[in-house]
Number of protein chains: 2
Amino acid sequence: MVTIYDIAEKANVSAMTVSRVINNTGKISDKTRAKVKRVMEELNYVPNQTARSLVLQQTRILFLLITDITNPFYTTLARGAEDAATKNGFRLLFGNSDESLEKENEYVQTILSARVDGVLVAPAGDPSLPHLEKLRAHKVPFVLMDREVPGIECDVVLGDSKEGGHRLTQLLIDRGHRRIAMINGSSSVSSARLRLQGYREALKLNDLPCADGDVYETSFGPRSDLSGIEAWLDAMPSLPTAIVAGNNVLALEVMSVLRNRGVAVPDEVSLVCFDDLGPYAEFDPFLTVAAQQAYQFGYMGIQMLIERIREKEQPLPWKKIVLPAELIVRRSVKELTSTQ
Amino acid sequence: MVTIYDIAEKANVSAMTVSRVINNTGKISDKTRAKVKRVMEELNYVPNQTARSLVLQQTRILFLLITDITNPFYTTLARGAEDAATKNGFRLLFGNSDESLEKENEYVQTILSARVDGVLVAPAGDPSLPHLEKLRAHKVPFVLMDREVPGIECDVVLGDSKEGGHRLTQLLIDRGHRRIAMINGSSSVSSARLRLQGYREALKLNDLPCADGDVYETSFGPRSDLSGIEAWLDAMPSLPTAIVAGNNVLALEVMSVLRNRGVAVPDEVSLVCFDDLGPYAEFDPFLTVAAQQAYQFGYMGIQMLIERIREKEQPLPWKKIVLPAELIVRRSVKELTSTQ
DNA sequence: TTGAAAGCGCTAACAA
DNA sequence: TTGTTAGCGCTTTCAA
């Protein structure tokens, strides 16, 4: 590895001078600066951030902890975060807690030991409190987003969940709906609580009832098993004419269940939700696709990489994995009966 | 900051002993181990990865460089990569090049100076070659995915693009389509080239023509301006009965353009594409939503965080930003004319 | 304008 | 089983 000393030696200066050139600090004659720069280019020198972080006690790394990387709300948020970080000379590390307190805790541990300069976090819920307290105890600055956690004072970026819930519900009422149900995230998540509150508020202001069974509380994250939603709908004496979903994921899942039952949206049940669907909102994506095994791409890629790192000394032959795509036929293709 | 020496002092042992306890190396009596562990808990000690990386010459960090973080193909891939990395005791850092060579180059610089142990990269295209050569020159192991780059030998995880292009096209042919157009990514991207090849192959095997204007080449990434696609369609004497899209983003964009023109999919034009749409594939998401300003959440969050880091010494009052949601009314809500 | 020495927090190698 | 020494690559402080 080329170090600052290699440069110094070859340029006939001290390491300190090289350091000054790299960081543009102190006074240096143009001549030495040019000489040092030339040698750096020649040797392909890249400063070692690790060493620098150790002495400077800062990493210039920020961490973004989100709860669902497959949700376009969070990926869009991530792009914003990345832009802001880059613009300010920070790098951004991502973590995905999957709405799990356990994973969140692991990430907090990682964050502490990596000595990142700050954290932008969407907490899994109110029980995230100890994790935030840990960050606070270690003096790691953090900003909450999307969700507040009672018991901790800090900076926070929120959506107006109560108002939003109110307006979504009012919109349905304005369209003539009287029996409106709600599916929502866990009540241990502040945004879910507020959205529910907004919903109830709107119903109340319009003198509409809300049966106990009309509100279903689950998790904001995607589930592999939709039977909970099935059971919720089954338990109702009749389907509501409209449903408010606490987020986009829940809306899609409800839609899936309704579709399997042959219940048409919006003809039989209207549906509204929090959070948009990114690039997938405006379209009717019943696309026929050659589905590539995206997850496998990532998984096997990392496995190969780790193997390569482990066997760094004995260069094995290069490997090439080709994964077949699966053709998924959906209704974006029309059968043409007559030729042309 | 609590260091290994603070622990050592309080536990009446040497720093080395503490190190051994942390890493579970060497032989240590149960008694000292217990004592050291107790002190570590007491002082809330967290090992400093930065220092460790410096001496070990490895960071246990892998880097995943993708070209479009809003594409479900890549987020799904990222989940796979994260799982594989975590399972093997590595952390994963993400970067998003946005199909831009410039951003890619910046990330390569970051990767080199951060001394990550390895990189999993979807290159922006063939001109990524110098970036890969730079990684190679610095002996940073890397694995390519999704795309190959002529001129560099390395590990690679690929989809079978040619075969996939062929099969998608054949599917359309089997359904009676004779005039099939293709919209594709840049020909400087290997997967785009192969997909086109598969498409042409299928046409040829079926003795079908392919007019020059029927193939449109653009970028795989999402564009803010769809006028290029408009112009492509306009230039054709008539619309084809079917279109093959080189990836999911292109398919959605074509669909958007067709929809604006009142061209029905699949009734008037059939559409197929590479890559699935993640959770958004099976649904008809014409959802009415309270769209939150996802990008702003991330952007402002990071800004607040950086400000907080800068003003670490003078604690300013905590800030709270509340962003309003925008109600976007789409056709998931039905107007009820009669009450109830 | 330049350089020498010390140290950031940790671990490998060796010694006791 | 435990401790001492040296050094990873860099920057800060002080001296020249």
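The chains referred to below are lettered A, B, ... by the order of the sequence lines, with proteins before strands, and numbering in each begins at 1.
Rounding to the nearest 0.5 Å places OG of S113(B) at 5.5 Å from CZ of R91(A). Between atom CG of residue L158(A) and atom CG of residue D146(A) there is a gap of 7.5 Å, rounded to the nearest 0.5 Å.
Terminal axes of the helix from dT1(C)-dA16(D) to dA16(C)-dT1(D) (five pairs each, C1' rotation axis) are separated by 40°, to the nearest 10°.
As a whole-Å value, the separation of L54(B) CG from dG7(C) P is 17 Å. One can place NZ of K35(A) at 8 Å from P of dT2(C), the figure rounded to the nearest angstrom. In this entry the distance linking CD of Q57(A) with P of dG7(C) reads 15 Å, nearest Å. Atom CG of L56(B) and atom P of dA13(C) are 11 Å apart (whole Å). As rounded to whole Å, 9 Å separates atom P of dG3(C) from atom CG of N12(A). The separation between Q49(B) atom CD and dC8(C) atom C1' is 16 Å, rounded to whole Å. Rounded to whole Å, atom C1' of dT11(C) lies 8 Å from atom CD1 of I4(B).
Between the side chains of T50(B) and S53(B), no donor N or O sits under 3.5 Å from an acceptor N or O. Neither side chain, Y74(A) nor N96(A), offers a donor N or O lying under 3.5 Å from an acceptor on the other.
Classified by interplanar angle (parallel below 30°, tilted 30° to 60°, perpendicular above 60°), the ring pair F94(B)/F94(A) is perpendicular.
Contact between L65(B) and M145(B) at its shortest, heavy atoms only, is O-CE, 3.9 Å.
A search for ring pair (Phe, Tyr, Trp, His ring centres under 6.0 Å) contacts involving F90(A) returns nothing, not counting sequence neighbours. Checked against side-chain contact (heavy atoms from CB on, under 4.5 Å), S219(B) has the following partners two or more places apart in sequence or in another chain: E99(B), R223(B). For Y45(B), there are no ring pair (Phe, Tyr, Trp, His ring centres under 6.0 Å) partners two or more places apart in sequence or in a different chain.
Sorted by residue number, the members of residues 13-34 of chain B with any non-hydrogen atom under 4.0 Å from DNA chain C read M16(B), S19(B), N23(B).
Phosphate contact (OP1/OP2 of dC10(C), side-chain N/O of Y45(B), threshold under 4.0 Å): present.
The outermost nucleotides of DNA chain D lying under 4.0 Å from heavy atoms of chain A, listed 5' to 3', are dG9(D) to dT12(D).
Side-chain contact between K134(A) and Q109(A): present, with at least one pair of heavy atoms (C-beta onward) separated by less than 4.5 Å.
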(request) For V13(B) and R20(B), run side chain to side chain contact (heavy atoms under 4.5 Å, CB included): C-alpha distance rounded to whole Å, both residues' side-chain angles, the deciding distance at 0.1 Å, then the answer. (result) CA-CA 11 Å; V13(B) 293; R20(B) 283 193 262 254; over 6 Å; no
